Asker: 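Handing you a structure now.
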Amino acid sequence: MCDRPKNTDVRLRLPAVCFIWQTAMIILFGIFIRYDSESSPYWVEYKRDHNISSDAENDFYFRYPSFQDVHVMIFVGFGFLMTFLKRYSFGAVGFNFLIAAFGIQWALLMQGWFHSLDYSDGKIKIGVENLINADFCVASCLIAYGAVLGKVSPVQLMVLTLFGITLFAVEEYIILELLHARDAGGSMVIHTFGAYYGLSISWMLYRRNLDQSSRLQGSVYHSDVFAMIGTLFLWMFWPSFNSAIANHGDGQHRAAINTYLALASTVLTAMAISSLFQKHGKLDMVHIQNSTLAGGVAVGTAAEFMLMPYGSLIVGFCCGIISTMGYIYLSPFMEKHLKIQDTCGIHNLHAMPGVIGGIVGAITAAAATEPVYGSEGLIKTFGFEDHFEHRTPAEQGGYQAAGMCVALCFGIGGGIIVGCILRLPIWGDPADDNCFNDEVYWEVRDNRSKFVETTSDSL
Amino acid sequence: MCDRPKNTDVRLRLPAVCFIWQTAMIILFGIFIRYDSESSPYWVEYKRDHNISSDAENDFYFRYPSFQDVHVMIFVGFGFLMTFLKRYSFGAVGFNFLIAAFGIQWALLMQGWFHSLDYSDGKIKIGVENLINADFCVASCLIAYGAVLGKVSPVQLMVLTLFGITLFAVEEYIILELLHARDAGGSMVIHTFGAYYGLSISWMLYRRNLDQSSRLQGSVYHSDVFAMIGTLFLWMFWPSFNSAIANHGDGQHRAAINTYLALASTVLTAMAISSLFQKHGKLDMVHIQNSTLAGGVAVGTAAEFMLMPYGSLIVGFCCGIISTMGYIYLSPFMEKHLKIQDTCGIHNLHAMPGVIGGIVGAITAAAATEPVYGSEGLIKTFGFEDHFEHRTPAEQGGYQAAGMCVALCFGIGGGIIVGCILRLPIWGDPADDNCFNDEVYWEVRDNRSKFVETTSDSL
Amino acid sequence: MCDRPKNTDVRLRLPAVCFIWQTAMIILFGIFIRYDSESSPYWVEYKRDHNISSDAENDFYFRYPSFQDVHVMIFVGFGFLMTFLKRYSFGAVGFNFLIAAFGIQWALLMQGWFHSLDYSDGKIKIGVENLINADFCVASCLIAYGAVLGKVSPVQLMVLTLFGITLFAVEEYIILELLHARDAGGSMVIHTFGAYYGLSISWMLYRRNLDQSSRLQGSVYHSDVFAMIGTLFLWMFWPSFNSAIANHGDGQHRAAINTYLALASTVLTAMAISSLFQKHGKLDMVHIQNSTLAGGVAVGTAAEFMLMPYGSLIVGFCCGIISTMGYIYLSPFMEKHLKIQDTCGIHNLHAMPGVIGGIVGAITAAAATEPVYGSEGLIKTFGFEDHFEHRTPAEQGGYQAAGMCVALCFGIGGGIIVGCILRLPIWGDPADDNCFNDEVYWEVRDNRSKFVETTSDSL
C-alpha cells in the first residue's frame, strides 16, 4: 500500500463528501433547528410576557461583539497562523475555511441535541450563544489540524472534523452537564481535547520518510509575516474568546481582564526564553507566533473565577516559559522518539497549556471562599443551583479535575480510533516526498515554487 | 482617439477633482448636516423628555459594533479582495480607499436628503445608522469597481462613484420608501444595482486589445494570500452587514443567524464545484476567494424574514454552485460574446446572487403568515404600519419583485449613461497594453515587477 | 566608543530585562491591583444596592467593543503600519508586540496610582476603562518607536517604554486632573507627547552614517501591501479610539461621527497632494499609508465637543495637506539640518496633527455656548462639576492650551533625558551599516535578503 504511487486526485471524493454532507445538514436542520425566543418574531410578545423593558436585554447585544471576535479567531486567526509554511498557505487558510464552515453546521446539531433540545417539541432552538458554541467546537478540530498540517488531504480533514465535532459534543456534555465543571474559555473542553485528538491522529499517521519533504517544511520571510496576522488576531481577541459565554455582567468583565493580563505576561517570557536559548540571542519567529498565545489557553478555565490579576500574570509567566521550551526541546524529542510529527507544535501551544489551565481551574475552584466571592457571587459563578446547590468549592475542584481526565481520554482515545480510519488508503493523502506542497490540491499559477525551492536548497 | 498614445498623467486632474469635490462637501455639510438627537448634547434632556431610563438605549450601542464590522468590510474586505492581481495591489487597496472615503461623504448628503431630512429646519440629522447606510451606499460603487479593476484611472473612479452614489440614493428611495420593499442586507438595493452598474460600465468601456495586458492579468502566490484577507473579513462580518440596520432585538438577531448559516453552506458547495470541474480535482483560489461569499449576498433581502435555518442553508447551497459555475463557464462566455470584461467576476459574486436574493425575498415575504410571525411580529418585520397597514404579505411579495426590477433598471441604465461619460478621452485611463499595472499611477520603488513579468512569461 | 564593532548579542540582556521586569509586575500587581465593583463577583449585590436594573448597565457593555477595536489598532495597526521596510517586518511587528505587552502592564499600575487608587484600602480597582487607558498609554510609546524604527535594540525599546509610560502617566495626571483639560482621543496627551518624545530620542541617537544602511531603508512591493493592513485597521477603528472613553450616550456617539468624517476628508486631500507634488502625478504609498490618518489625530481632543460635521471635515482637509507636505518637504529638511532621523515620519503623522488637534480643541472649548450644548450638556461635556463648576468655556479653552504646552514639555524634555540614557553603550544597538535589518535580532531562515538587496542595488 505504501509502494505504489499515491493517487492524490480528489476530484470525485471531495465533491461527493461536500455535497452529501451538506445535503444531510439541510435535511437535519429542516427537522431539528428553529429560532429561539430571542431571535424569533415572537420576541415582542416574549418581552411583554417576561416583563423585559428593553431590546437591549436581548442576548444578542450581550454576546454579538464577542461572537464576531471569536469568528475572526476561527477563520483569520487559525487560518493565517498556519500560513507560515513557504508553500502551504493556500492549504492552511483554504482547508481551515472548508472544515470550519462544515464544522459549525454539524456542531449546531450535535451541541443542540445535547444542550439546547426543547423536549416539548423536539426542536433545537438556536440563538447567538449557539453560534459562539459552534465556533468553539470547531476550534478543537482546527487545533487538531495544526498537528497534521500539510500531510493530509481535504477529504481526510472532513472526516477528522466530522468525528472531532461528534466526540467534542459528547465530551462537553459529560464535563459541563454531568460533572458540572466550569470551563468558560475551554482549556479542557476545547484545547486539551483538541490537541490530544490531533496528536494521536498524527501519531497514527506517522510518516517515516517525511524528511523528503523537508525542503518545504519551513518558512520564508513573507510567510512568517502572514502568520503574524493570525497570531495577533488570536492574541487580541482571546479575551473575547474566554469571556464570550461567561455570565452576563461581572463574569464576562472579569474573564476579559484575566485573559488580557495572562496574555501580556506570556509575551515577555516567551521572548525571553526564545532569546536565551538561541545562538547570539536571536529571536525565533516560531516562538513569537505560537508561544505568546499560551497564556490565553491556560487561563481559559479559571477566567471567570477570582484568579486575581496577579494570578493571571503568574499563569501567563509560566506558560510562556513552558511553551517556548517545548518548541526548543520537546517537539524534536517527540518527533524522534515518540513518532509524533506535530507540524504547528500544538503540543506546546494547546496541549500543555490546556492541561495547566485545567489544573489552575481546579485549584482556583477548590480555593473559592464566600468572603472572596460573596454568597450570591459564589452561587452564580459556580452554578451552585438546583441539583448542585449543596456542592462545596472543594468538591467542585474535584469535579474540575475529573473533567480534565475526561477531556484527555476523549482526545487520546478518539484520536487513535479516527487515526485508524484515516490510515485507510482511500482518502487521497500525499506521498511523503510531496507533503507541505500546495500544488497537490490547488491550481498554482506561478512558477515561483521552483524558484523558492531552489534558493532554499542553496542555503 | 485610440491611435495616439494615452496620457495617463493625472497630476492636475486628480488633485483638482479631490480638492474641488472635498470643498463642495464641506460647504454642503455646513449647510445641511447636523447631529441627531442621540448624538447631540441635548441627549440628556431628550432622555428625560422621552422617559428613557438608560444610556444603553442610545442607538449607538445597538448598532456601533455592527457598524465597525461593516466598515472593515468596506475598506479591508473589498480592498484586499481585489489585491489578487500580481501587480495591481496598490491600485486595488488604494483606489478602493479613495473612492470609499469620498463616497461616504456624498452618500451622507444624498441619502440624507431622501431619508433623514428634518423638514422643520431643513437639516439632515445624522447618527450611527446614517454612517452604516453611507457605508452600504459606497459598497455598491466598490462592487462596480470590481468589474473595471485595473482598466480605469482614479479620476474615472471618482466620476463612477459620484454618479453611482447619486443613482443609488434615488433607487433606494424608490425601493424602500415608495414601494416600501424590505431589503435589510441590500441584495437588490446594493448588490444587484452595484453589479449591473459596474457591468454596464465595463461593457461601454470594452477594450478590444486587452489581451496585450494578459501577462499582468493573473495572480501570484502571495497576491492570492493577500486576497484571502479580504475574502475572510467579508465572509466573517457578513452577518453584521445583513443585520446592521435590521430591527432592534429579534430582527438583528435573526438576520445574523440566517447569514451565518447561508455562508457556511456556500463554502462547501463552492469548493465542491471548484474541485469537480478542474483538472485532477485541484481547487482554484479564484472560486474560494469569491464564490464562498455568494450566500451572504443571496440571503440579504430575506435575512430578517422567517427564512428558517434550513432555508438559509438551501439558499447558500444553490448560490455556491451557481456562482462557481459562473466563474468557470459564464465569465469567459461574457467576455467573448457579450464584450463584457469583468475583472473580478462580479457577475458571479454579486449580480446573480443579488437577483436570487431579491427573488428569495419576494417569495419569503409573499409566504409570510400570522402563525409564523405572530401578529405583532408580522407588522414589525414588514413595517405594515401607517400608510401600509392594510398591505398583505402577498402584496408585499409583489412590491419586493417590483423593487428588484427598479434595481436592475437603475443599474443597467445608469451604467450605460455613466459608461458613455467615462469614454470621453479626458480622464487619463491606461492603454490596452498597460492595464493591471500599478506603475501607471503609483511610484513603485523596486524593480521586482520586471522580474515577476519575466518569470510569468517563461511559464 | 563608536570605533569598536558593536555587540548586538542581546542573549543575556533581553531575557534578564524581561524576566526581572515581569517578576516586578507580578509583585506590584499582587500588592496593588484588584477588580473594580463591575468586574467583581459582588456586582450582584452592587447592582441591588445601587438600584441598577440590568446587567446591560455594566460598563463592560458600553466600552468593550471599542476596547477591542483599540486593541486591534495597538497590535495590528501600529505593528503592521511599520512593516513597510523591506527587511524589518519581524522587528516592526515583533518588537511592537513586545513593548506593547509590557507597556500595558506598567500602564495599569502607573495610571492606577494616579487615577484609580482607592484610598480606603490602598488598592487600584480595574475594569474595562482601565484596559482601554492602558492601551492608550502604550500608543504613545509605539508612536515614539516609529521615529527610531530599525535603529535600536529591543532592550533599548524596553527602556524607552518604561520611561515613556512613566512620563505619560504624570503628564496625563497634570493635564486631565490638575488642569482638568478634556482630551477624549488624546491629541495632546497621546499623540503630541508620544511624537515629541520619540523625535527627541531620535535626535539624541543621531547616526551620522546611517546612509550606509540605505539599501535597506525602503520598501518593496509586498511590504507596502503589508503596511496597508496597518493603515486600514488604524483608519477604520479610529472612531472607536476617539470615542472609547468619552461619556456614555451622546459623547461616544458624537466622537465616533466626528472622527469618521475627519478621516474621510483627510484621504482626499492626502491623495491630492501626493499626486500634485510627484513626477507624472504618481501617488506615493508612503503618503497613503500615513497621511490619510492625520485627520483622526487632529480631531482627537475635540471629538466629543460640538465640532460640527463640517468642522470635522475642515480639520481633516487641512491635516491631509499639512501631513503630506510634511513628508515631501519637512522630513528631508529635519534629517539634513536638524539631525532628526524619523524613520516613519511620525512628525508628519502625529506631532503636527497632534498640535493642531490641541489647538482645535482649545478653540472649540472656548467657543462653547449654552444654546449649542444645552445647560446640562455643557456641564456633562466639559465636566463643569465639583471643583470646576464655576469654570467658563473661555477659561476651559485656556486650560486646554496649557495642557498642550505640558504635553510638549514632557515630550521634548523626557525624550532628551531618555535619549541620553539610551546612548550608553550597553544596550546592544546595531551599527550604522546594519540598521533596518532583521538579521541582527532575528533568526531569518531564507537567503532572500541577499537577493532583495542585490536587486535593489541594481535599480
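As the structure is a prediction and not an experimental result, all values here were calculated from the model. Residue numbers start from 1 in every chain, and the chains themselves are labelled A, B, ... in the order their sequence lines are given, proteins ahead of strands.
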Asker: Tell me, for C:E57 versus chain B, whether the close heavy atoms (under 4.5 Å) come from the side chain, the backbone, both or neither.
Answerer: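 Contact with chain B: side chain only.
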Asker: Tell me which of these, B:S37, B:S223, B:G127, has more heavy-atom pairs under 4.5 Å with chain C than the rest.
Answerer: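 The candidate making the most pairs under 4.5 Å is B:G127.
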Asker: Look at B:K125 together with B:D118 and state whether they make a salt bridge at an N to O cut-off of under 4.0 Å.
Answerer: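 Counted as a salt bridge, because a side-chain N and a carboxylate O are separated by less than 4.0 Å.
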Asker: Sort out for me which of B:F80, B:F90, B:Y441 touches chain C most, counting heavy-atom pairs under 4.5 Å.
Answerer: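 Of the candidates given, the most pairs with chain C belong to B:F90.
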Asker: Verify the distance criterion only: is there a donor paired with an acceptor across the side chains of B:Q22 and B:Q105 at less than 3.5 Å?
Answerer: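 B:Q105 and B:Q22 do have a side-chain donor-acceptor pair below 3.5 Å.
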Asker: Output the option from B:S89, B:A92, B:A100, B:P154 having the highest count of non-hydrogen pairs under 4.5 Å with chain C.
Answerer: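 Ranked by heavy-atom pairs under 4.5 Å with chain C, first place is B:S89.
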Asker: So which residue, B:I26, B:L12, B:V10, ends up with the most heavy-atom pairs under 4.5 Å with chain C?
Answerer: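 The option with the most such pairs is B:I26.
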Asker: Between C:S54, C:A270, C:P309, which residue shows the highest count of heavy-atom pairs closer than 4.5 Å to chain B?
Answerer: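 Of the options given, most contacts go to C:P309.
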Asker: Determine, using ring centers only, whether B:F226 and C:F226 are less than 6.0 Å apart.
Answerer: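 When the ring centroids of C:F226 and B:F226 are compared, they turn out to be within the sub-6.0 Å range.
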Asker: Output the residues of residues 238-245 of chain C for which the shortest heavy-atom distance to chain B is under 4.5 Å, in residue-number order; output 'none' if no such residue exists.
Answerer: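 The residues closer than 4.5 Å to chain B, in numerical order, are C:P239, C:S240, C:S243.
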Asker: Identify, with sequence neighbours excluded, every residue that meets side-chain contact (heavy atoms from CB on, under 4.5 Å) alongside C:A298.
Answerer: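 With neighbours one apart ignored, the set is C:V315, C:C319, C:P353, C:I356.
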Asker: In terms of relative ring orientation, are C:Y64 and C:F67 parallel, tilted or perpendicular, with 30° and 60° separating the classes?
Answerer: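 Geometry flag for C:F67 against C:Y64: tilted rings.
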Asker: Can you tell me which portion of C:L261 sits under 4.5 Å from chain B's heavy atoms? Options are side chain, backbone, both or neither.
Answerer: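 For C:L261, the side chain is the part near chain B, not the backbone.
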Asker: Are the aromatic rings of B:F75 and B:F233 close, with centres under 6.0 Å apart?
Answerer: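 No, they do not, as the ring centres are separated by 6.0 Å or more.
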Asker: Does a side chain donor of either B:N437 or B:N434 reach within less than 3.5 Å of an acceptor in the other side chain?
Answerer: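 Note: B:N437 and B:N434 side chains meet the donor-acceptor criterion.
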Asker: Between B:I27 and chain C, with a heavy-atom cut-off of 4.5 Å, which part of the residue counts as in contact: side chain, backbone, both or neither?
Answerer: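 Neither part, no heavy atoms under 4.5 Å.
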Asker: Can you tell me which portion of B:Q68 sits under 4.5 Å from chain C's heavy atoms? Options are side chain, backbone, both or neither.
Answerer: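 Backbone plus side chain of B:Q68, per the 4.5 Å heavy-atom cut-off to chain C.
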Asker: Please look at C:Y373 and chain B and tell me whether the side chain, the backbone, both or neither of the residue comes under 4.5 angstrom of a heavy atom of that chain.
Answerer: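 Contact with chain B: backbone and side chain both.
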Asker: Are C:Y310 and B:F32 near enough that their ring centres are under 6.0 Å apart?
Answerer: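 Ring centroids of C:Y310 and B:F32 are no less than 6.0 Å from each other.
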Asker: At a heavy-atom separation under 4.5 Å, does B:S53 approach chain C through its side chain, its backbone, both, or neither?
Answerer: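 Contact with chain C involves no heavy atom of B:S53 at all.
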Asker: Which atoms of C:L263 come close to chain B, meaning under 4.5 Å heavy atom to heavy atom: side chain ones, backbone ones, both, or neither?
Answerer: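 No part of C:L263 comes within 4.5 Å of chain B.
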Asker: If you count heavy-atom pairs within less than 4.5 Å of chain C, which of B:I126, B:I229, B:T8 leads?
Answerer: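 Greatest number of close heavy-atom pairs with chain C: B:I126.
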Asker: Below 4.0 angstrom, N of the basic side chain to O of the carboxylate: do C:D284 and B:R445 qualify?
Answerer: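 Salt bridge between C:D284 and B:R445, a charged N being under 4.0 Å from a carboxylate O: yes.
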Asker: Salt-bridged, B:D9 to C:K282, with N to O below 4.0 Å?
Answerer: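 No, B:D9 and C:K282 are not salt-bridged.
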Asker: Based on non-hydrogen pairs under 4.5 Å, which of C:T292, C:T266, C:T381, C:L378 is most in contact with chain B?
Answerer: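 Heavy-atom pairs under 4.5 Å are most numerous for C:T292.
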Asker: Side chain, backbone, both or neither: which part of B:R48 has a heavy atom under 4.5 Å from chain C?
Answerer: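 Contact with chain C involves the side chain of B:R48 alone.
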Asker: Tell me, for B:D55 versus chain C, whether the close heavy atoms (under 4.5 Å) come from the side chain, the backbone, both or neither.
Answerer: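 It is both, since atoms from each part get that close.
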Asker: Under a 3.5 Å distance rule, please check whether B:S39 uses its side chain to pair with a backbone N or O of C:R254 as donor and acceptor.
Answerer: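 Here the side-chain-to-backbone pair does not exist.
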Asker: If I measure from the heavy atoms of chain C, does B:V440 come under 4.5 Å with its side chain, its backbone, both, or neither?
Answerer: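 Backbone only.
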Asker: Could you tell me if the ring centre of B:Y88 sits under 6.0 Å from that of B:W442?
Answerer: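 Between B:W442 and B:Y88, which both carry aromatic rings, the centre distance is not below 6.0 Å.
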Asker: Most heavy-atom pairs under 4.5 angstrom with chain B, which of C:A256, C:S265, C:P65?
Answerer: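 Most heavy-atom pairs under 4.5 Å with chain B: C:S265.
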Asker: State plainly whether the residues B:R34 and B:D121 are in salt-bridge range, i.e. N to O under 4.0 Å.
Answerer: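 Salt bridge flag = no for B:D121 with B:R34.
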Asker: What part of B:D135 is in contact with chain C, defined as an atom under 4.5 angstrom from a non-hydrogen atom: side chain, backbone, both or neither?
Answerer: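 Contact with chain C: backbone and side chain both.
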Asker: Between C:F62 and B:Y61, does the ring centre distance come in under 6.0 Å?
Answerer: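 For C:F62 and B:Y61, the ring centres are under 6.0 Å apart.
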Asker: Does any heavy atom of chain C fall under 4.5 Å from the side chain of B:D438, the backbone, both, or neither of them?
Answerer: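 Interface part for B:D438: side chain.
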Asker: Between C:K380 and C:E385, is the closest basic N to carboxylate O distance under 4.0 Å?
Answerer: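 Result for this pair is no, no salt bridge flagged.
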Asker: Strictly by modelled atom types, are B:H248 and B:D59 linked by a side-chain donor-acceptor pair under 3.5 Å?
Answerer: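 Judged by distance alone, the side chains do pair up.
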